[in-house]
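Everything numeric here is computed off the predicted structure, so don't read it as measured data. Here, residue 1 is the first one in the sequence, and each next residue gets the next number.
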Amino acid sequence: MTALLLGSISTVADTSEIQRDAFNRAFAQHGLDWEWGQEEYRGLLQGNGGKDRVADYARERGEDVDAAAVHATKSELFQAALAEADIAPRDGVVETIRQAQEAGTKVALVTTTSRDNIDALARALAAHVDLSALDLVVDATQVETSKPDPAAYRYALEQLGEEPGACVAIEDNVGGIQAANAAGVPSVAFPNENTAGHDFSGAAGRLEQLTLVDLQEYLDAS
């Protein structure tokens, strides 16, 4: 394994419920009578992109909504919530990053979220892990299309100078698995609280706790 590619901020720390709450508070601020319960939100997470998720939801309800404005408010609320939240890295993440770096394996965060969201996560986790020490961090400003398009992974591979078949992508959602696979990168599912029930049959494997040994085994088997 030459590179370990973490596919979203929720592969580092499970922020899914913080994000759902931020969506609901953004809806209220924009005068929308929407409220995404956990079960409904779990279904909505089968598609990628928060702004698109809002736009699609409005379209299905026949409502005219400024999805970009709603999503911008959601992002501000999410970042503020992270600053106050008591969150920790997911099981095995810190150890896996450390072991990979000690072994000379490159480690990257390959997302299509905003840089502000990544920076907010980095501040929230500063006592546990230094995201600035990663070899690469990809955000929405560096690619034109979001996942499940493979652009983010192709960009990461180019920047890292690595071949896709020698890397492993860790993803917490189906769209991310599709993006990695389309880029030729073996993918391992690491579901969060709200994606645990999704169909990850497209992944090479599934982990509930991250370990470098397991990731290497999935790479060898792919």
Side-chain angles (χ1 to χ4, degrees), residues 1-16 18-19 45 48-50 75 78-79 82-83 85 87-162 164 166-183 185-192 195 203 207 209-212 215 219:
M1 187 193 311
T2 61
L4 177 62
L5 310 177
L6 296 157
S8 75
I9 60 176
S10 276
T11 61
V12 181
D14 193 343
T15 63
S16 186
I18 299 174
Q19 298 214 43
L45 287 176
N48 284 73
S75 295
F78 172 66
Q79 292 155 23
L82 277 181
I87 64 170
R90 296 183 61 189
D91 289 346
V93 167
V94 172
E95 295 82 358
T96 298
I97 291 174
R98 176 181 56 78
Q99 291 169 3
Q101 291 175 328
E102 289 175 351
T105 300
K106 296 174 183 176
V107 182
L109 180 60
V110 185
T111 79
T112 49
T113 193
S114 71
R115 175 63 63 162
D116 287 343
N117 281 348
I118 295 170
D119 289 344
L121 179 73
R123 290 190 295 270
L125 295 179
H128 305 281
V129 60
D130 182 6
L131 295 184
S132 69
L134 301 184
D135 294 276
L136 177 69
V137 174
V138 180
D139 63 57
T141 66
Q142 293 156 310
V143 291
E144 294 183 357
T145 49
S146 60
K147 298 175 185 179
D149 188 277
Y153 279 110
R154 289 174 177 162
Y155 176 82
L157 293 169
E158 179 182 356
Q159 294 298 307
L160 294 170
E162 300 297 342
C167 305
V168 174
I170 302 163
E171 284 283 0
D172 69 335
N173 61 83
V174 174
I177 294 292
Q178 293 170 343
N181 291 348
V185 180
S187 59
V188 174
F190 188 38
N192 65 52
T195 61
L207 294 174
Q209 176 175 333
L210 220 55
T211 73
L212 196 62
L215 293 172
L219 176 62

Checking Asn117 against Ser75 for the side chain to side chain contact (heavy atoms under 4.5 Å, CB included) test, could you report, in this order, the C-alpha distance in whole Å, the side-chain angles of both residues, the deciding distance, and whether it holds? CA-CA 7 Å; Asn117 281 348; Ser75 295; 4.3 Å; yes

All heavy atoms of Leu160 vs all of Ala3, minimum pair found to be CD1-CB, 4.3 Å

Go through the steps to decide whether Leu215 and Ile170 satisfy the test side chain to side chain contact (heavy atoms under 4.5 Å, CB included), and finish with yes or no. CA-CA 9 Å; Leu215 293 172; Ile170 302 163; 3.8 Å; yes

Looking at Gly7, is its backbone amide N or carbonyl O close enough to the side chain of Lys147 to form a donor-acceptor pair, meaning the two atoms are under 3.5 Å apart? yes

Considering residues at least two apart in sequence or located in another chain, which fulfil the side-chain contact (heavy atoms from CB on, under 4.5 Å) criterion with Arg123? Asp119, Ala120

Nearest 0.5 Å, please: how far is CD1 in Ile97 from CG in Leu4? 7.5 Å

Sorted by chain and number, sequence neighbours left out, side-chain contact (heavy atoms from CB on, under 4.5 Å) with Asn192 holds for Ser10, Asp14, Ser16, Arg90, Asp172, Asn194, Thr195

Should Val137 and Arg115 count as side-chain neighbours, where that means a heavy-atom distance under 4.5 Å? yes

Give a yes-or-no answer on whether the side chains of Thr141 and Asp139 include a donor-acceptor pair shorter than 3.5 Å. yes

Thr145 and Ala151 have their tightest heavy-atom pair at OG1-CB, 3.5 Å

Mind checking the OG1-CG spacing from Thr11 to Asn173? Nearest 0.5 Å is all I need. 9.5 Å

Spacing of Asp116 atom CG and Leu121 atom CG [to the nearest 0.5 Å]: 12.5 Å

Residues Thr96 and Leu210: closest non-hydrogen pair is OG1-O, 3.2 Å

Between Val168 and Val185 the two heavy atoms that sit nearest each other are C-CG1, 4.1 Å

Start with the C-alpha distance between Val93 and Val129, add both sets of side-chain angles, then the distance that settles side chain to side chain contact (heavy atoms under 4.5 Å, CB included), and finish with yes or no. CA-CA 9 Å; Val93 167; Val129 60; 5.9 Å; no

Check whether Thr105 reaches the backbone of Met1 with its side chain - one donor and one acceptor, N or O, closer than 3.5 Å. yes

Determine the minimum heavy-atom distance between Ile18 and Ala85, stating which atoms define it. CD1-CB, 4.1 Å

State the CG-CD distance between Asp135 and Gln101, to the nearest 0.5 angstrom. 6.5 Å

From Ile118 CD1 over to Ile9 CD1, what is the distance, rounded to the nearest 0.5 angstrom? 7.5 Å

Determine which pairs satisfy side-chain hydrogen bond (donor to acceptor under 3.5 Å, both in side chains) with at least one residue from residues 150-160, sequence neighbours left out, and list them in order. Tyr153-Glu171

Which pairs, with at least one residue in residues 98-113 and sequence neighbours excluded, count as a salt bridge (Lys or Arg N to Asp or Glu O under 4.0 Å)? Arg98-Glu102, Lys106-Glu162

Nearest 0.5 Å please: distance from the CZ atom of Phe78 over to the OG1 atom of Thr15. 4.0 Å

My understanding is that only residues two or more places apart in sequence, or in another chain, count here; which of them pass side-chain contact (heavy atoms from CB on, under 4.5 Å) with Asp130? Ser132, Ala133

Tell me, please, which residues at least two apart from Ala166 pass side-chain contact (heavy atoms from CB on, under 4.5 Å). Thr2

Restricting to non-hydrogen atoms, name the atom on Leu157 and the atom on Ala183 that form the minimum distance, rounded to 0.1 Å. CD1-O, 4.1 Å

